[in-house]
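Contents: one structure, followed by commentary.
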Amino acid sequence: MSGKRIFIIFVIVLISNLLATAQNQQKDMDRFTIVIHGGAGTILKKNMTPEKELEYKNKLKEALTAGYSILANGGNSIDAVETAIKIMEDSPLFNAGKGAVFTNEGKNEMDASIMEGKTLNAGSVAMVNTIKNPISAARMVMEKSPHVMMVGEGAVKFAKEQNLEIVDSAYFYDEKRWLQWQNIKGSNDLELDHSDDRAENNRKEFDAEFSDDGDRKFGTVGAVAIDKNGDIAAGTSTGGMTNKMYGRAGDSPIIGAGTYANNKTCGVSCTGHGEYFIRKVVAYDISALMEYKNLTLQEAADIVIHKKLKEIGGSGGIIAVDSHGNFSLTFNTEGMYRGSMTKEGKPIVSIYKGND
Ligand code: ASP
């Protein structure tokens with residue numbers, strides 16, 4: 001073969017390799033995705049009015065779209081997750097930030113956490129009562145402190161130093177939440193967001209009392225996203241559960257239990273009966289099953305939510321995104337407020353089992 005021919009072949013191979021690389025990069029950049037949840041539980045269509053349903057769906061869409069715009073414009077997944085969660089924290093529809101549930105002392109004590117999959121950096125706050133957006137405080141702990149978790153007064157002091165917005169504790173008050181607490185105040189009952197834990201009789205009484213909108217204010221919130229660089233982030237924020245004991249923290253502020261992110265595998269945000277999620281280290285377990293057993297995200301989520309969690313009586317769900325941009329919205333309850341938005345740019349939100 002002449003030198004000229006070899007050179008031509010070389011150039012052709014080089015060009016096709018460059019084209020393939022460019023195509024792969026384009027494909028990688030296309031995988032940006034965001035998923036969110038607003039809590040899981042006994043959410044039944046028969047208990048919901050069309051107006052209330054629309055209100056939830058619109059708020060979920062607003063949160064999704066805000067996070068998505070950040071990703072679509074080349075922004076990072078941590079910003080997308082924080083932005084989406086803040087919108088839900090600011091809405092009394094959800095049990096996080098404004099509208100958080102009451103403790104057995106009639107207070108709002110909130111938990112939140114956030115994690116980035118590239119560095120495995122994470123931050124969380126627990127039992128905070130005057131930070132308007134606990135998710136932003138969790139992010140500050142991650143970025144501006146040498147620690148992962150800060151609690152109570154110390155966390156609030158730190159948030160103030162970071163110039164986060166501090167509000168009077170009355171800001172979080174929501175009448176329905178207050179009534180929920182009045183309903184079980186003084187008892188040893190815990191009003192979980194995830195009401196399938198409640199005795200059936202209690203449930204009926206409760207439904208009768210709150211039949212105006214029929215739901216039980218399910219509503220821990222969370223978001224998971226992958227950006228155009230392939231970086232995954234996950235975050236969760238909650239008021240916990242009604243009538244929880246003073247000092248109780250759930251899974252939401254615990255990295256590995258309620259929130260986890262690792263670029264090698266996936267990002268996960270959980271909602272459910274926290275004590276069970278802590279014992280089963282749910283968020284990390286999904287990632288570990290992918291890492292050590294090579295399971296797909298959906299296979300791992302199914303095993304953890306439908307088998308491992310259920311075996312010990314735990315109810316709830318997860319939202320997750322893997323490193324290819326695949327996502328999973330998996331729950332073992334009647335419903336989960338949830339939504340997804342991929343590069344197609346269409347927010348898809350659902351509440352009940354199925355696609356509704
Ligand atoms: N996991 C939260 C907790 O136990 C509650 C929830 O997800 O609604 O505090």
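In this text the structure is predicted, and so the values were computed from the model without any measurement. Every number for a ligand or one of its atoms is a count from 1 in the order of the listing.
Assignment of Glu275 to the shell around ligand 1 is not supported, since no heavy atom sits closer than 4.0 Å.
An N or O contact shorter than 3.5 Å links Gly272 to ligand 1 by distance. For ligand 1, one of its N or O atoms has an N or O atom of Gly274 under 3.5 Å away. Backbone and side-chain nitrogen or oxygen atoms of Asp111 are examined, and none is located within less than 3.5 angstrom of a nitrogen or oxygen of ligand 1.
No side-chain heavy atom of Phe102 sits less than 4.5 Å from a side-chain heavy atom of Gln182.
Residue Trp181 is tested with Thr103, Thr242, Asn243 for a side-chain hydrogen bond (donor to acceptor under 3.5 Å, both in side chains); the sole match is Asn243.
Of all the heavy atoms of Met336, none lies under 4.0 Å from any atom of ligand 1, so neither backbone nor side chain is involved. Within the 4.0 Å heavy-atom criterion, the part of Ser252 lying near ligand 1 is the side chain and not the backbone.
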Trace of the side chain to side chain donor-acceptor pair (under 3.5 Å) decision for Asn229 with Asn76: CA-CA 8 Å; Asn229 290 324; Asn76 66 51; over 6 Å; no
Go through the steps for Lys307 and Glu311 under the test salt bridge (charged side-chain N to carboxylate O under 4.0 Å, His left out), then give the verdict. CA-CA 6 Å; Lys307 198 164 173 282; Glu311 271 164 12; 3.5 Å; yes
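Distances below 4.0 Å separate heavy atoms of Gly240 from the following atoms of ligand 1: 5 (C), 9 (O). The ligand atoms of ligand 1 that sit less than 4.0 angstrom from a heavy atom of Asp251 are 1 (N), 2 (C), 3 (C), 4 (O). Under a 4.0 Å criterion applied to the non-hydrogen atoms of Thr220, ligand 1 contributes the atoms 2 (C), 5 (C), 6 (C), 7 (O), 8 (O). Near Thr271, meaning under 4.0 Å from any of its heavy atoms, are these atoms of ligand 1: 6 (C), 7 (O), 8 (O).
In terms of modelled atom types and a separation under 3.5 Å, the side chain of Ser350 and the main chain of Tyr352 share no donor-acceptor contact. When atom types are taken as modelled, the side chain of Asp174 and the backbone of Pro92 share no donor-acceptor pair closer than 3.5 angstrom.
Classified by interplanar angle (parallel below 30°, tilted 30° to 60°, perpendicular above 60°), the ring pair Phe32/Tyr68 is tilted.
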